[in-house]
Amino acid sequence: MKLKQLESLLGDLQQFSNPKVELEQYPTGPHIASRMLYTAENSYEDVSGKIVADFGCGCGTLGAAAALLGAERIIGIDVDPESLEIASLNAEDLELDIDYIQCDVRNLGWRGQVVDTVIMNPPFGTRKKGADMDFLSVALKVASQAVYSLHKTSTREHVKRAALRDFDASSAEVLCELRYDVPQLYKFHKKKEVDIAVDLWRFVPKRNQRMGI
């Protein structure tokens, strides 16, 4: 599938009707989502035929992209039931087979490297300090092949240090810097939209014994 076609399909997905600020819910736009998954597949072969987990999946954009690029199985995980409802409808509309689990990623309870690839656009940690690192810590425990994640460019050194030193990643690489378009969703937003510089990271976990979900 070509990048433009992927972006076009993702552009038709429903997004949050009632976003929750405490969960830092912002839609992952089709521009970023398509490039993130297209890179994961075409540069690294981390999607097609793989078991992929979408952490904090929200309305399911990243998981849908993985499914469209041929992932063998996708598991979307989110704490918010309303988001999962929208994600299920989006998967249905595109005739995609995606499993959804309502759970806080930190309480997942998976043991060992149970998926090949984790994809995520975690909370940036502006409302709840360290939320982004909590996601990354769990992701690097359960993925056997790679973790793809978006983090604010301003936190680049912190993210790299945490991944390599604290979370036992064997490598942590910024693949590109993207402009994340944050629309005016909440009352405290003064501008119609804001562009935030974000890094697309690829983390490689240390190889351990693969186990089942």
Side-chain angles (χ1 to χ4, degrees), residues 19 21-47 52-58 61-62 65-66 77-79 104-108 110 113 115-183 185-186 188-191 193-208:
V21 69
E22 69 276 10
L23 297 177
E24 292 190 52
Q25 289 182 336
Y26 294 98
T28 308
H31 178 82
I32 281 187
S34 57
R35 277 150 187 80
M36 187 171 173
L37 272 295
Y38 192 83
T39 301
E41 175 52 28
N42 288 280
S43 299
Y44 299 98
E45 298 180 346
D46 282 334
V47 180
V52 177
D54 180 0
F55 274 15
C57 65
T61 307
L62 295 178
I77 299 148
D78 204 286
V79 73
D104 185 322
V105 161
R106 292 166 299 186
N107 302 330
L108 205 48
W110 290 354
Q113 294 175 317
V115 297
D116 298 302
T117 305
V118 172
I119 52 177
M120 59 183 190
N121 176 15
F124 286 144
T126 45
R127 290 268 145 184
K128 195 171 185 183
K129 198 169 163 52
D132 50 344
M133 294 296 98
D134 289 343
F135 270 64
L136 183 57
S137 169
V138 177
L140 279 163
K141 286 187 180 93
V142 303
S144 65
Q145 200 156 311
V147 174
Y148 290 86
S149 187
L150 297 168
H151 297 270
K152 277 185 178 176
T153 301
S154 59
T155 64
R156 185 178 291 175
E157 288 311 311
H158 170 63
V159 170
K160 185 163 193 167
R161 193 169 55 245
L164 296 173
R165 187 189 65 193
D166 304 329
F167 307 148
D168 222 20
S170 64
S171 72
E173 182 188 357
V174 175
L175 301 182
C176 60
E177 189 180 312
L178 297 159
R179 307 304 296 179
Y180 191 96
D181 175 31
V182 177
L185 289 179
Y186 302 111
F188 63 86
H189 285 165
K190 301 288 184 275
K191 297 179 182 174
E193 56 181 43
V194 178
D195 271 352
I196 295 175
V198 296
D199 292 335
L200 169 56
W201 286 87
R202 181 178 187 262
F203 303 95
V204 177
K206 291 199 172 144
R207 305 262 168 178
N208 294 319

Original post:
Can you name the side-chain contact (heavy atoms from CB on, under 4.5 Å) partners of L164, sequence neighbours left out?
Top reply: K160, A169, A172
Subject >> Qualifying residues under side-chain contact (heavy atoms from CB on, under 4.5 Å), relative to T155, sequence neighbours excluded >> reply: H151, K152, V159
**OP:** Using modelled atom types only, decide if a donor and an acceptor are shared between the side chain of T117 and the backbone of V52 within a distance under 3.5 Å.
**Re:** no
Original post:
Distance from F55 atom CZ to L136 atom CG, nearest 0.5 Å?
Top reply: 10.0 Å
**OP:** Kindly write out the residues that satisfy side-chain contact (heavy atoms from CB on, under 4.5 Å) with E173, not counting sequence neighbours, or none if the list is empty.
**Re:** Y44, L175
Original post:
Residues two or more places apart in sequence or in another chain: which of them pass side chain to side chain donor-acceptor pair (under 3.5 Å) with T39?
Top reply: none
Subject >> Beyond-backbone contact of V47 with Y148, side-chain heavy atoms, under 4.5 angstrom >> reply: no
Original post:
Is any side-chain heavy atom of M120 less than 4.5 Å from a side-chain heavy atom of V147?
Top reply: yes
Original post:
Do V198 and I32 touch side chain to side chain, with heavy atoms closer than 4.5 Å?
Top reply: yes
Subject >> Residues which pass salt bridge (Lys or Arg N to Asp or Glu O under 4.0 Å) with R161, listed by chain and number, not counting sequence neighbours >> reply: none
Original post:
Under 3.5 Å, side chain of D104 to main-chain N/O of V79, donor-acceptor pair present?
Top reply: no
Original post:
If you round to the nearest 0.5 Å, how far is CE of M36 from OG of S149?
Top reply: 6.0 Å
**OP:** Considering non-hydrogen atoms only, spot the tightest contact between D132 and P122 and give its length.
**Re:** CA-CB, 4.3 Å
Original post:
Do S43 side-chain atoms and A40 backbone N/O form a donor-acceptor pair below 3.5 Å?
Top reply: no
**OP:** Identify the heavy atoms of E177 and A197 that sit nearest to each other, and give their distance.
**Re:** OE2-CB, 3.6 Å
Subject >> Partners meeting side chain to side chain donor-acceptor pair (under 3.5 Å) with T61 (sequence neighbours left out) >> reply: Q15
**OP:** Would you give the length of the straight line joining atom OG of S171 to atom NZ of K206, rounded to the nearest 0.5 angstrom?
**Re:** 10.5 Å
Original post:
Quick one: does V174's side chain get under 4.5 Å of L200's, heavy atoms only?
Top reply: no
Original post:
Roughly how far apart are S34 OG and L62 CG, rounded to 0.5 Å?
Top reply: 10.0 Å
**OP:** Output all residues satisfying ring-ring contact (aromatic ring centres under 6.0 Å, His included) with F203, sequence neighbours left out; order by chain, then residue number.
**Re:** W201
Original post:
Within the distance-only criterion (no hydrogens, no angle test), does the side chain of Q113 pair as donor or acceptor with the backbone N or O of A143 below 3.5 angstrom?
Top reply: yes
Subject >> Results of side-chain contact (heavy atoms from CB on, under 4.5 Å) for A65 - residues two or more places apart only >> reply: L6, L10, L37
**OP:** Would you please name every residue forming a side chain to side chain donor-acceptor pair (under 3.5 Å) with Q145, sequence neighbours left out?
**Re:** D46
Subject >> Trace of the side chain to side chain contact (heavy atoms under 4.5 Å, CB included) decision for H31 with R179 >> reply: CA-CA 10 Å; H31 178 82; R179 307 304 296 179; over 6 Å; no
**OP:** List in chain and number order the residues that pass side chain to side chain donor-acceptor pair (under 3.5 Å) with D134, two or more places apart in sequence or in another chain; answer none if no residue qualifies.
**Re:** R106
